[in-house]
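Okay, so here's the structure we're looking at.
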Amino acid sequence: MRRYGFASEAGVLALALIEAAEVFEHRLPEVFAGFPRERTQMPVEYPTASRPQAWSAAAPLLVLRTVLGLDVDDGRLRSTAEPPSAFGELRLRGVPVRGGREDVPTG
């Protein structure tokens with residue numbers, strides 16, 4: 001979504017995924033339902049969903065990449081950070097990039 005110009009919408013989805021992870025003790029299941037918050041107050045896990053699941057475990061890392069706008073461009077780490085304010089201050093230090101380590105430029 002971010003790559004196609006929908007950074008704000010991607011941020012809303014990213015925040016919702018992090019909030020859902022809290023409900024599942026940070027072990028995201030492979031499938032869960034999103035009902036209106038007024039109705040269920042929390043996401044509902046599919047009864048036979050595996051938890052944790054490999055792709056679900058990687059989702060928070062992709063959330064960080066999305067909200068920080070992380071990409072590697074010409075061998076350098078680039079950030080076009082637009083995180084929702086609900087995330088607070090985000091910092092990543094020592095990210096491995098092409099045999100070295102870099103801090104994420106967030107400003």
Side-chain angles (χ1 to χ4, degrees):
M1 292 171 73
R2 173 183 60 87
R3 286 186 178 168
Y4 291 101
F6 297 97
S8 177
E9 292 84 351
V12 169
L13 183 59
L15 182 59
L17 187 60
I18 295 298
E19 290 173 344
E22 291 177 26
V23 172
F24 297 117
E25 300 171 329
H26 303 284
R27 297 175 61 216
L28 285 167
E30 62 182 323
V31 180
F32 60 91
F35 294 104
R37 290 180 188 218
E38 306 81 46
R39 186 169 164 205
T40 62
Q41 303 299 313
M42 67 180 66
V44 179
E45 186 172 356
Y46 188 74
T48 60
S50 295
R51 182 167 63 122
Q53 182 59 266
W55 57 75
S56 300
L61 298 174
L62 292 174
V63 163
L64 275 177
R65 181 177 182 194
T66 297
V67 299
L68 292 175
L70 293 178
D71 288 300
V72 175
D73 188 20
D74 290 329
R76 300 287 308 176
L77 190 61
R78 178 176 53 87
S79 173
T80 54
E82 295 183 36
S85 61
F87 273 95
E89 184 177 1
L90 296 173
R91 291 183 187 197
L92 290 178
R93 294 189 175 126
V95 177
V97 178
R98 296 188 66 158
R101 293 192 176 272
E102 293 186 32
D103 292 343
V104 174
T106 59

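Across all non-hydrogen atoms, the minimal contact from Glu45 to Phe32 is CA-CB, 4.0 Å. Nearest approach of Val63 to Ala14, heavy atoms of both residues: CG1-CB, 3.6 Å. Looking at every heavy atom in both residues, Pro29 comes nearest to Ser56 through O-OG, 2.9 Å. Nearest heavy atom pair, residue Gly11 against residue Val67, reads CA-CG1, 4.4 Å. Scanning all heavy atoms of the two residues, the minimum distance from Gly94 to Asp103 falls at N-OD1, 3.1 Å. Pairing each heavy atom of Gln41 with each of Glu38, the nearest pair is NE2-O, 3.6 Å.
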Steps toward side-chain contact (heavy atoms from CB on, under 4.5 Å) verdict (Arg3, Asp71):
CA-CA 10 Å; Arg3 286 186 178 168; Asp71 288 300; 3.1 Å; yes

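A donor-acceptor pair is defined here as one N or O able to donate and one able to accept, closer than 3.5 Å; such a pair exists between the side chain of Arg65 and the backbone of Leu70.
For the atom pair CD (Glu102) and CG (Leu77), the distance works out to 5.0 Å, reported to the nearest 0.5 Å. Rounding to the nearest 0.5 Å places CG of Leu64 at 7.0 Å from CD1 of Ile18. Distance check, rounded to the nearest 0.5 Å: CG of Leu92 to CZ of Arg101 gives 12.0 Å. Put simply, CZ on Arg2 and CG on Leu68 are 9.0 Å apart, with the number rounded to the nearest 0.5 Å.
With a 6.0 Å radius and a threshold of 12 heavy atoms from other residues, nucleotides or ligands, Met42 has its CE atom at or below the threshold.
Leu13 and Tyr4 fall within the same hydrophobic cluster, defined by Ile, Leu, Val, Met, Phe, Trp and Tyr side-chain heavy atoms under 4.5 Å apart, directly or through other members.
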